[in-house]
Amino acid sequence: MRQAPIGDQTAEISLERLHYGKLASGASLSVPAAAGYGVTLRSRNLLSSDDRLLSPPRLMALRRFEPDLVDPGLSQRGAFVARVSPEPNSRRAIFLRARFRPEDGEGGHGRLYQQSAIWSVAAADWRRHPAALLAMAGSELEALPDLASEDEQVRFSAEPARYVVRRLDPQDVWSALEDALEKTYWAAPVLEFLARGAETGEDATLTFGADHFASEAAFLRAVGLALQFLPASYPRWREISVVSGLRQGSLGLCLRYLPSLRAAARTSVAA
């Protein structure tokens with residue numbers, strides 16, 4: 001983590017961490033076949049009662065998270081979700097990376113199991129800094145197993161991650177969006193989708209594919225810029241979710257990236 005002076009143009013964001021899956025060992029990070037699932041890391045400001053609230057299926061609005069729900073184009077890295085946590089009157093937002101990896105290690109051919117990593121951040125920080133948070137999560141949030149050799153007390157009193165972000169000037173955001181509106185295809189559909197969602201109050205999903213964005217990182221950068229532009233008075237901010245690689249749509253207003261989607265299935269809005 002790079003440190004920077006905290007001043008008028010910067011802010012520090014604290015991210016609590018929770019990992020769910022199985023403990024691994026060895027150079028290949030293999031998992032014993034008999035190993036059970038569970039929370040394997042919890043940063044110190046989270047409670048054991050948060051384990052249920054931050055379970056991956058609950059955050060993805062699913063009964064069960066299965067391998068066929070992950071887009072093939074992101075099967076190795078896994079699905080990604082960013083949203084306000086679903087518990088009533090939640091004051092936190094979550095960033096989730098969840099995937100299925102072989103029990104015999106990366107690149108193996110063993111039985112698949114679920115491995116997930118979650119960041120929890122103040123919902124107010126998510127609203128103020130969506131572009132920075134999406135960029136950080138897209139590059140740094142990885143569903144990697146914890147080590148069985150690491151002391152349990154250390155894993156369950158981990159330090160939160162802290163990042164220093166620059167406050168974006170509203171005029172800079174507007175200038176970037178104006179440029180995007182002139183040169184790209186994504187800005188107008190995203191802004192229209194969010195505006196229509198505010199008017200109708202209905203659940204909807206806007207999906208982009210690989211012919212729209214060359215990578216998940218490009219999608220997250222674009223969506224972050226659009227969300228950064230939303231005014232403080234936008235009425236449905238808490239219902240926005242940003243999803244990548246998950247075939248199941250989310251409730252509320254869902255902006256989604258499925259790299260396997262091709263030109264034959266154009267950008268669409270689905271209730």
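Follow the hydrophobic side-chain contacts under 4.5 Å out from Val39 and you reach Ile118 in the same cluster.
Under the 3.5 Å distance criterion, the side-chain polar atoms of Arg101 are left unmatched by any main-chain donor or acceptor of Ala143. The closest donor-acceptor contact from the side chain of Asp50 to the backbone of Leu47 lies under 3.5 Å. Of the possible polar contacts, none joining the Glu239 side chain to the Cys254 backbone as a donor-acceptor pair under 3.5 Å is found.
Within 6.0 Å of CD on Glu150 lie more than 12 heavy atoms contributed by other residues, nucleotides or ligands. Around the CZ atom of Arg128, the shell of radius 6.0 Å holds no more than 12 heavy atoms that belong to other residues, nucleotides or ligands. Around CD of Glu152, the count of heavy atoms belonging to other residues, nucleotides or ligands within 6.0 Å does not exceed 12.
Between Glu216 and Arg77 there is a salt bridge, since at least one side-chain N of the basic residue sits less than 4.0 Å from a carboxylate O of the acidic one.
For Phe208 and Phe213, the gap between ring centers is short of 6.0 Å. Between Trp126 and Phe95, the distance separating the two ring centers is shorter than 6.0 angstrom. Here Phe100 and Phe65 bring their ring centres to under 6.0 angstrom of each other.
With sequence neighbours excluded, the residues forming a side chain to side chain contact (heavy atoms under 4.5 Å, CB included) with Tyr37 are Tyr20, Lys22, Tyr113, Gln114, listed by chain and number.
Residues Arg256 and Thr207 bring a donor and an acceptor atom of their side chains to less than 3.5 Å of each other.
Taking all atoms of both residues into account, the shortest heavy-atom contact from Ser116 to Ala98 is OG-CB, 3.4 Å. The nearest pair of heavy atoms linking Ala226 to Trp186 is CB-CZ3, 4.2 Å.
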